[in-house]
Each structure stands twice: as C-alpha cells, then as structure tokens.
Amino acid sequence: MEELYLGYKRYAFSIAYRMLGTVADAEDAVQDCFAELARRDRSGIVNVKAYIAKGITNRCLNILSSARSRRETYAGEWLPEPISEHYNGPEALMERKDTLSYAFLVLLERLTPTERAVFVLREVFEYDYDAIAEMLGKAEANCRKIFSRAKRNLQPLHGAEPGSTSLAPAREALLKRFVSAFAAYDVSGMLELLAEQPVLVADGGGRVHTVLRPMHGRKGVLALLTSRRVLYNLRECEVVPAIINGEPNLVFYQHGEVKGVLCLDISGARVQAVYLMLNPGKLGRIDR
C-alpha cells in the first residue's frame, strides 16, 4: 500500500487539484481515496491507475456538489488557489503543464462538475471515452456530448501554451513593464499593455478589502490598475516574479509575508486578464 501511495499520490493530486481548484480539498480527496484503497481487497483491480482516477474523480464530484452552496455565500468573486513552483507537497506540475496554468483553472470554473470531470479526464489525462464512461457511470455517447459541450463553453486560452519555455523571456519582460506601470500609476504605460477587452478579477474572500465584482473593459481595468485609492496597499509591498501554476507571475511580499499573488493571462504581448488573489486563506502554498 505504501508503494501504491508513493507511486500514485502525485497523479491523484494532479486530477483533484484541476477538478477542485483548492489544495486542501484536493489533498483530502487523495487521502480518502487511498484510505478506501487500503481497506479493500485489491486483488481484483486490473488497472490501479484507472481505479485511482475513478475514485478521485467521484470524490471530487461530491466535493464540488457541496462546495456550490458554500460559494453562493462567498464574499465577492471566488478564484482558484494558486501554487508556487516550490510548494512542498504533491504538486500538480505534471501531466501537461499547460493545463495547470492559472488562466486554465479559471476557465474550468465555467463548467458544471460533470463537464469538468469529462473535460479534465479527456483533455488533460487523455482517457478514452469508454474509460471515462465507466468512471462516471454514463454512456460513452453521452460522455462525447458532454465533452463537446464543455469545449464550446470554454473559449480557447489566449496565446500559446502557458508555461512554454520559449515564451518565458517575453512574458518576464512584460511582467517587468506591468510592475513598473503599476507602481508608478502610469496610465499610458499600462494602456500599452492592456488588450482591447481585458478583465480584472480579485478574490479577497471577505478578509481583505478589494474589488468585489469582475471589471470588464479597457477603461475600467485601466482605472483600477492606476487608481491611487484602489489596491494602494500592494504598492507598499515588494513585488517578486515567481513561477506560479507553471508560469512566471507576480508575488507581493511585506515583511517576508505573502500578501497577494497576481496572475496574468497574456496573448500577443497584451494582457487579456488580471487575476488577483488576496485571500490569506489561499496564499499558504506560495513560497515564502
């Protein structure tokens, strides 16, 4: 059992984290899955990897069902929990790193739990439809329809594959320009970086004062990023580039404590989306 756990815990976590978007829930799902596996007779399991994927997926579906009611009372917008490159746990930096990017996780929030399960198993982990159907207890034809519907509901990611090493230098250069314009309240400099229809989403979890609703459009996003009254506390922090969810993003530190994480969705040297995590409860997996 110990060998199975060491061999598959990272794989199990990589499914759970993409399904749930929070580390604690993903870790709980992994622990429950292996606890059940330890209790049962394993002699009849033909494909352990597929069995674990099925167990993890169904646990995540149950968690998502209960999480829906909690998120209805969540203060402001809910964003996935970011993880840094050096997060000391069974991090999900495997099984196609491009599908770990923060923008990808945000997009997955548009799907229903079942759509998310089918899409993650098929698109990320490349399971056949018959295997997905067996895992979810659905007909194969139904799983194909669910996957097609999920793809229609997801607009494609902006730009090339997130986390691509070939894009890293250009992305890092843009991050430097963004930090400079943000720190200096530079309207013209920030305007050069924003796409035509950008969006800004912030998550304070009711514990940190921030923008409660997504801001859409160039004028509004520009006003927020260059305002002397909004997000002013972040300008007092040290801003450090770091690998967050597999690609360069920004971490805000104050007296050695993580105060925020800012993830950008970039396409063609333009910022399509700004995701700002300020909720202290979701910053625990960022390298301090």
Side-chain angles (χ1 to χ4, degrees), residues 10-11 13-23 25-26 60 77-87 89-111 115-126 150-151 153-176 178-179 193-195 197-203 214 240-252 258 260-279 282-283 285-287:
R10 291 168 66 91
Y11 177 73
F13 181 84
S14 67
I15 296 176
Y17 177 65
R18 287 172 174 85
M19 283 286 294
L20 301 173
T22 58
V23 174
D25 286 342
C60 289
E77 290 297 304
W78 189 96
L79 285 173
E81 179 180 358
I83 57 176
S84 65
E85 184 180 29
H86 301 295
Y87 161 53
E91 59 274 89
L93 297 177
M94 60 177 296
E95 305 292 342
R96 287 186 53 188
K97 291 183 180 181
D98 56 304
T99 63
L100 180 66
S101 80
Y102 201 78
F104 183 87
L105 292 181
V106 173
L107 282 179
L108 288 181
E109 290 298 315
R110 301 182 183 183
L111 304 180
E115 288 173 344
R116 190 163 183 160
V118 173
F119 186 82
V120 167
L121 291 171
R122 177 63 180 170
E123 184 75 7
V124 182
F125 298 94
E126 300 179 342
K151 291 208 76 169
N153 290 338
L154 293 178
Q155 294 179 359
L157 278 173
H158 300 295
E161 291 186 354
S164 169
T165 53
S166 63
L167 292 179
R171 183 180 179 90
E172 289 167 1
L174 190 145
L175 286 174
K176 289 180 180 179
F178 184 93
V179 170
L193 298 174
L194 294 178
Q197 292 296 324
V199 60
L200 184 149
V201 185
D203 181 343
V240 179
I243 302 299
I244 305 295
N245 285 74
E247 60 187 3
N249 283 295
L250 301 171
V251 180
F252 294 84
V258 179
V261 170
L262 190 146
C263 298
L264 298 180
D265 183 10
I266 299 171
S267 174
R270 294 281 183 169
V271 176
Q272 306 287 342
V274 179
Y275 301 114
L276 180 60
M277 177 56 67
L278 297 173
N279 183 350
K282 294 184 181 180
L283 296 174
R285 275 73 182 188
I286 302 301
D287 185 19

Peer 1: Compare every heavy atom of C60 with every heavy atom of A16, then report the nearest pair and how far apart it is.
Peer 2: CA-SG, 3.7 Å
Peer 1: Would you check if N249 and E247 make a side-chain contact, meaning some heavy-atom pair closer than 4.5 Å?
Peer 2: yes
Peer 1: Heavy-atom distance under 4.5 Å between the side chains of V274 and P198, does that happen here?
Peer 2: no
Peer 1: Please round to the nearest 0.5 Å and tell me the distance separating atom CG of N153 and atom CG of L107.
Peer 2: 11.0 Å
Peer 1: Would the distance check show the side chain of S84 and the main-chain N or O of I244 forming a donor-acceptor pair, the cut-off being under 3.5 Å?
Peer 2: no
Peer 1: Taking R18 for its side chain and S14 for its backbone only, find out whether a donor-acceptor pair lies under 3.5 Å.
Peer 2: yes
Peer 1: Would the distance check show the side chain of R171 and the main-chain N or O of P248 forming a donor-acceptor pair, the cut-off being under 3.5 Å?
Peer 2: yes
Peer 1: With a 4.5 Å heavy-atom cut-off, do F13 and V23 have their side chains touching?
Peer 2: yes
Peer 1: Go through the structure and list residues passing side chain to side chain contact (heavy atoms under 4.5 Å, CB included) with E77, not counting sequence neighbours.
Peer 2: V201, R213, P214
Peer 1: Not counting sequence neighbours, which residues clear ring-ring contact (aromatic ring centres under 6.0 Å, His included) with F252? List them please.
Peer 2: none
Peer 1: Suppose we screen for side chain to side chain contact (heavy atoms under 4.5 Å, CB included). Which residues come up paired with P241, at least two apart in sequence or across chains?
Peer 2: none
Peer 1: Are L283 and M277 close enough that some pair of their side-chain heavy atoms sits under 4.5 Å apart?
Peer 2: yes
Peer 1: Looking at every non-hydrogen atom in both residues, tell me the closest pair between G246 and L100 and how far apart they are.
Peer 2: N-CD2, 4.4 Å
Peer 1: Over all heavy atoms of both residues, which pair between A117 and M19 is shortest? Give the atoms and the distance, please.
Peer 2: CA-SD, 3.5 Å
Peer 1: For Y11 and F125, take the angle between the two ring planes, folded into 0 to 90°, and tell me which bin it lands in: parallel under 30, tilted 30 to 60, perpendicular over 60.
Peer 2: perpendicular
Peer 1: What is the distance from atom CG of L175 to atom CG of L250, rounded to the nearest 0.5 Å?
Peer 2: 4.5 Å
Peer 1: What is the distance from atom CG of L108 to atom CG of L154, rounded to the nearest 0.5 Å?
Peer 2: 6.5 Å
Peer 1: Quick one: side chain to side chain donor-acceptor pair (under 3.5 Å) partners of D203, sequence neighbours excluded?
Peer 2: Y74, K282
Peer 1: Could you tell me if the side chain of Y17 sits less than 4.5 Å from the side chain of I83, heavy atoms only?
Peer 2: yes
Peer 1: Could you check whether any side-chain heavy atom of Y275 comes within less than 4.5 Å of a side-chain heavy atom of V261, counting everything from C-beta outward?
Peer 2: no
Peer 1: Report the residues that fulfil side chain to side chain donor-acceptor pair (under 3.5 Å) with E109, sequence neighbours left out, ordered by chain and then residue number.
Peer 2: R71, R116
Peer 1: Are T22 and W78 side-chain neighbours, meaning at least one heavy-atom pair lies under 4.5 Å?
Peer 2: yes
Peer 1: Between CD1 of I15 and CG of L20, what distance do you get to the nearest 0.5 Å?
Peer 2: 11.0 Å
Peer 1: How long is the gap from CZ on R122 to NZ on K151, to the nearest 0.5 Å?
Peer 2: 9.5 Å
Peer 1: I want to check something: taking the side chain as every heavy atom from C-beta on, are V271 and D265 in contact at a cut-off of under 4.5 Å?
Peer 2: no
